[in-house]
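Sharing a structure with you now.
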Amino acid sequence: MGAEATPMKRLLLIFAAALTAAYGYDEEARETIRKNYPASKYLEVDNIHGFIHVTGYNGSEIQTVIEKHIIADSRDRLEAAQREVKLDINQTGDTLTLAVDEPNRCNCGDRGNWDHFNDGFSRESHRPGYRVVYDFEIKVPAATSVRLGTVNEGDVRLENTTGDFLLRNVNHAVEAREVGGAGKIATVNGGITATFTRNPTTPCSFSTVNGTIEASFRPGLNADVRVKTFNGRAYTDYDVTAMPRMVSTSERRNGKFVYRSDEFTGMRIGSGGPEFRFNTLNGSIRIINRGK
């Protein structure tokens with residue numbers, strides 16, 4: 001996170017230049033925002049365009065480096081972007097929130113609700129004549145729980161934390177590296193990769209539409225696993241026993257109840273435990289024993 005450009009940052013600069021040329025934008029502006037905050041129990045990052053990378057460390061502050069990049073087709077539209085697109089920063093109670101707001105954006109998600117945070121991502125607005133990208137590089141105390149989401153032009157990556165997590169994207173991959181918490185990971189057009197330093201003791205879910213899901217756990221895993229894929233296969237090197245399909249809905253027809261399965265294939269690893277759900281439409285599912 002120093003001043004010297006990393007290979008990844010140089011690549012992003014090249015990509016940004018190509019994007020500017022491709023869209024015919026003539027104006028651009030850049031800004032680097034560096035700020036530290038007192039530690040919070042929760043960190044929420046609600047982005048639209050750009051990546052989010054969060055790393056846990058042995059410290060007592062939340063350290064942020066945010067790269068803001070505006071491209072516009074005229075000076076007027078550049079100035080409009082500077083006025084209209086804002087990064088809202090709010091630290092109240094036990095939560096630090098960094099949220100990118102655009103005009104007319106549908107803020108359908110509930111940042112205070114773990115299950116519905118960022119539900120409005122796919123309906124964000126696009127203002128003609130400019131694009132504003134925020135790239136987040138953040139270090140947090142390792143026990144911080146995080147809620148991270150973006151839509152376009154970047155991945156979501158979490159590493160070396162022990163708190164719970166909610167990670168969401170739309171048009172890119174999501175990765176959790178060496179994490180010790182539990183939670184939910186979801187995207188639409190991208191793969192999901194997760195490696196755990198300890199086996200979760202509460203439910204987890206992994207969901208995408210177009211991508212492979214790969215999750216690596218420690219030896220001695222005890223879990224009830226449910227998997228569903230349409231164009232792909234599910235693999236694991238854990239010993240498993242089959243579980244019956246769950247009945248998810250019922251309806252009354254001609255005086256009789258008709259029950260429908262939830263279409264997930266169930267299997268028990270070890271002695272069973274928290275439910276882990278894996279769901280993709282176009283991709284495979286791999287559940288890996290890191291001890292093998």
*From Thr236 OG1 over to Arg286 CZ, what is the distance, rounded to the nearest 0.5 angstrom?*
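It is 12.0 Å, given to the nearest 0.5 Å.
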*Minimal non-hydrogen separation, Arg290 against Tyr238, with atom names*: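 That would be N-OH, 4.5 Å.
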*Please walk me through it: do Lys228 and Arg277 pass side chain to side chain contact (heavy atoms under 4.5 Å, CB included)?*
CA-CA 8 Å; Lys228 181 167 67 173; Arg277 286 202 170 211; over 6 Å; no
*Between the side chains of Thr197 and Glu178, does any donor sit under 3.5 Å from an acceptor?*
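There is no such pair between these side chains.
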_Ile285 CD1 to Ile213 CD1 distance, which is reported to the nearest 0.5 Å_ =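 That separation rounds to 5.0 Å.
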*Looking only at non-hydrogen atoms, find the nearest pair between Thr95 and Glu44 and report the distance.*
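That would be CG2-CD, 3.8 Å.
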*How about Arg147 and Val45: do any of their side-chain heavy atoms sit closer than 4.5 Å?*
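They are not in contact (no side-chain heavy atoms under 4.5 Å apart), so the answer is no.
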_Donor-acceptor check, side chain of Asp237 to backbone of Asn289, threshold 3.5 angstrom: yes or no?_
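Between the backbone of Asn289 and the side chain of Asp237 there is a qualifying donor-acceptor contact (under 3.5 Å).
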*Rounded to the nearest 0.5 Å, what separation is found between the NZ atom of Lys86 and the CD atom of Glu102?*
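Going from the NZ atom of Lys86 to the CD atom of Glu102 covers 12.5 Å.
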*With sequence neighbours excluded, residues passing salt bridge (charged side-chain N to carboxylate O under 4.0 Å, His left out) with Arg83*: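 Arg83 satisfies salt bridge (charged side-chain N to carboxylate O under 4.0 Å, His left out) with no other residue.
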*Atom pair CG/CZ of Asp46 and Arg168 - distance to nearest 0.5 Å*: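 Here the interatomic distance stands at 11.0 Å.
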*Looking at side-chain heavy atoms only, is the closest gap between Thr64 and Leu98 below 4.5 Å?*
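Result yes, sub-4.5 Å side-chain heavy-atom pair found.
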_I'd like to know if the side chain of His172 pairs up with that of Asn152 as donor and acceptor (distance under 3.5 Å, no hydrogens or angles considered)._
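No pair is found: no donor N or O on one side chain lies under 3.5 Å from an acceptor on the other.
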_I'd like to know if Leu87 and Ile48 are part of one continuous hydrophobic network [Ile/Leu/Val/Met/Phe/Trp/Tyr, side-chain heavy atoms within less than 4.5 Å]._
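Yes.
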*Look up atom CZ in Arg157 and atom CD in Glu137, then write down how far apart they are to the nearest 0.5 Å.*
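One gets 6.5 Å once the value is rounded to the nearest 0.5 Å.
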*asked:* With a 6.0 Å cut-off (strictly less than), is the heavy-atom count around CG of Asn58, excluding the residue itself, greater than 12?
replied: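 Check fails, neighbour count at 12 or below.
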*Between Asp26 and Asp73, which heavy-atom pair has the shortest distance, and what is it?*
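Closest heavy-atom pair between Asp26 and Asp73: OD2-O, 3.8 Å.
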*Would you check, one step at a time, whether the test side-chain hydrogen bond (donor to acceptor under 3.5 Å, both in side chains) holds for His53 with Asp135?*
CA-CA 8 Å; His53 297 166; Asp135 289 325; over 6 Å; no
_Considering all heavy atoms, the nearest Cys204-Ala182 contact_ =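 Closest pair (atom of Cys204, atom of Ala182, distance): SG-CB, 3.6 Å.
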*Examine the side chains of Glu28 and His69 and answer whether a donor and an acceptor come within less than 3.5 Å of each other.*
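Glu28 vs His69: donor-acceptor pair found between side chains.
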*Check whether any side-chain heavy atom of Thr55 sits under 4.5 Å from a side-chain heavy atom of Ile138, and report yes or no.*
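Not touching, per the 4.5 Å side-chain cut-off.
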*Close side-chain approach of Asn199 to Asn222, heavy-atom, < 4.5 Å*: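 No, side chains not in contact.
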_Ignoring hydrogens and geometry beyond distance, is a side-chain donor-acceptor pair present between Gln63 and Tyr57 at under 3.5 Å?_
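Gln63 vs Tyr57: donor-acceptor pair found between side chains.
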*State whether Tyr134 and Lys68 meet the cation-pi test: NZ (Lys) or CZ (Arg) under 6.0 Å from the six-membered ring centroid, and within 45° of the perpendicular axis.*
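No, a cation-pi geometry is absent between Lys68 and Tyr134.
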*What about Ile288 and Val227, same hydrophobic cluster or not, with Ile/Leu/Val/Met/Phe/Trp/Tyr joined at side-chain heavy-atom distances under 4.5 Å?*
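No, it is not one cluster - the side chains of Ile288 and Val227 are not joined through contacts under 4.5 Å.
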*asked:* Going by side chain to side chain donor-acceptor pair (under 3.5 Å), name the pairs with one or both residues in residues 205-221, residues two or more places apart or in two chains.
replied: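 Every pair satisfying side chain to side chain donor-acceptor pair (under 3.5 Å) with a residue in residues 205-221: Asn189-Asn210, Asn210-Asn282.
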_Residue pair Tyr130 / Val85, side-chain heavy-atom distance below 4.5 Å_ =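 Counting from C-beta outward, Tyr130 and Val85 do come under 4.5 Å.
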*Pairwise side-chain contact, Val65 with Ile33, heavy-atom cut-off 4.5 Å (strictly under)*: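 Sidechains of Ile33 and Val65: no contact.
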*Worked verdict on Thr161 versus Val140 for side chain to side chain contact (heavy atoms under 4.5 Å, CB included)*: CA-CA 8 Å; Thr161 60; Val140 299; 4.1 Å; yes
*If we ignore angles and hydrogens, is there a donor and acceptor under 3.5 Å between the side chains of Ser40 and Asp94?*
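Their side chains do not contain a donor-acceptor pair, so the 3.5 Å distance test is not met.
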*Looking only at atom types and distance, does a side-chain atom of Thr150 sit under 3.5 Å from a main-chain N or O of Gly50, one as donor and one as acceptor?*
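Yes; at least one donor-acceptor contact below 3.5 Å.
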*For Ala29 and Leu78, work out which heavy atoms get closest and say how close.*
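Taking every non-hydrogen atom into account, CB-CD1, 4.0 Å.
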*asked:* Any salt bridge linking Glu275 with Arg226? Criterion: basic side-chain nitrogen under 4.0 Å from a carboxylate oxygen.
replied: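 Between Arg226 and Glu275 there is a salt bridge, with a charged N closer than 4.0 Å to a carboxylate O.
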*Would you please test Glu175 and Thr193 for side-chain hydrogen bond (donor to acceptor under 3.5 Å, both in side chains) and show each step?*
CA-CA 5 Å; Glu175 186 174 5; Thr193 305; 5.4 Å; no
*Indicate yes or no: at least one non-hydrogen side-chain atom of His49 is less than 4.5 angstrom from one of Asn47.*
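Sidechains of Asn47 and His49: no contact.
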*What distance separates Ile89 CD1 from Tyr37 OH, expressed to the nearest 0.5 Å?*
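Reported to 0.5 Å precision, the distance equals 3.5 Å.
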*asked:* Does any part of the side chain of Asn90, heavy atoms only, come nearer than 4.5 Å to the side chain of Asp88, both counted from C-beta?
replied: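 Contact flag for Asp88/Asn90 side chains = no.
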*When you look at Val170 and Thr187, which way does the side chain to side chain contact (heavy atoms under 4.5 Å, CB included) test go after all the steps?*
CA-CA 5 Å; Val170 176; Thr187 186; 5.6 Å; no
*Those residues that, when tested against Glu79, pass side chain to side chain donor-acceptor pair (under 3.5 Å) (two or more places apart)*: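 For Glu79 there are no side chain to side chain donor-acceptor pair (under 3.5 Å) partners, ignoring immediate neighbours.
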*With under 30° as parallel and over 60° as perpendicular, where do the rings of Phe276 and Phe278 fit, or are they tilted in between?*
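Perpendicular: the ring planes of Phe276 and Phe278 meet at over 60°.
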_For Phe196 versus Gly181, what's the shortest heavy-atom pair and its separation?_
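Scanning both residues, the minimum pair turns out to be CE2-O, 3.5 Å.
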*List the steps and the verdict of side chain to side chain contact (heavy atoms under 4.5 Å, CB included) for Leu281 and Thr229.*
CA-CA 5 Å; Leu281 181 65; Thr229 179; over 6 Å; no
*Can you say whether the rings of Phe217 and Phe206 are parallel (under 30°), tilted (30 to 60°) or perpendicular (over 60°)?*
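Rings of Phe217 and Phe206: perpendicular, over 60°.
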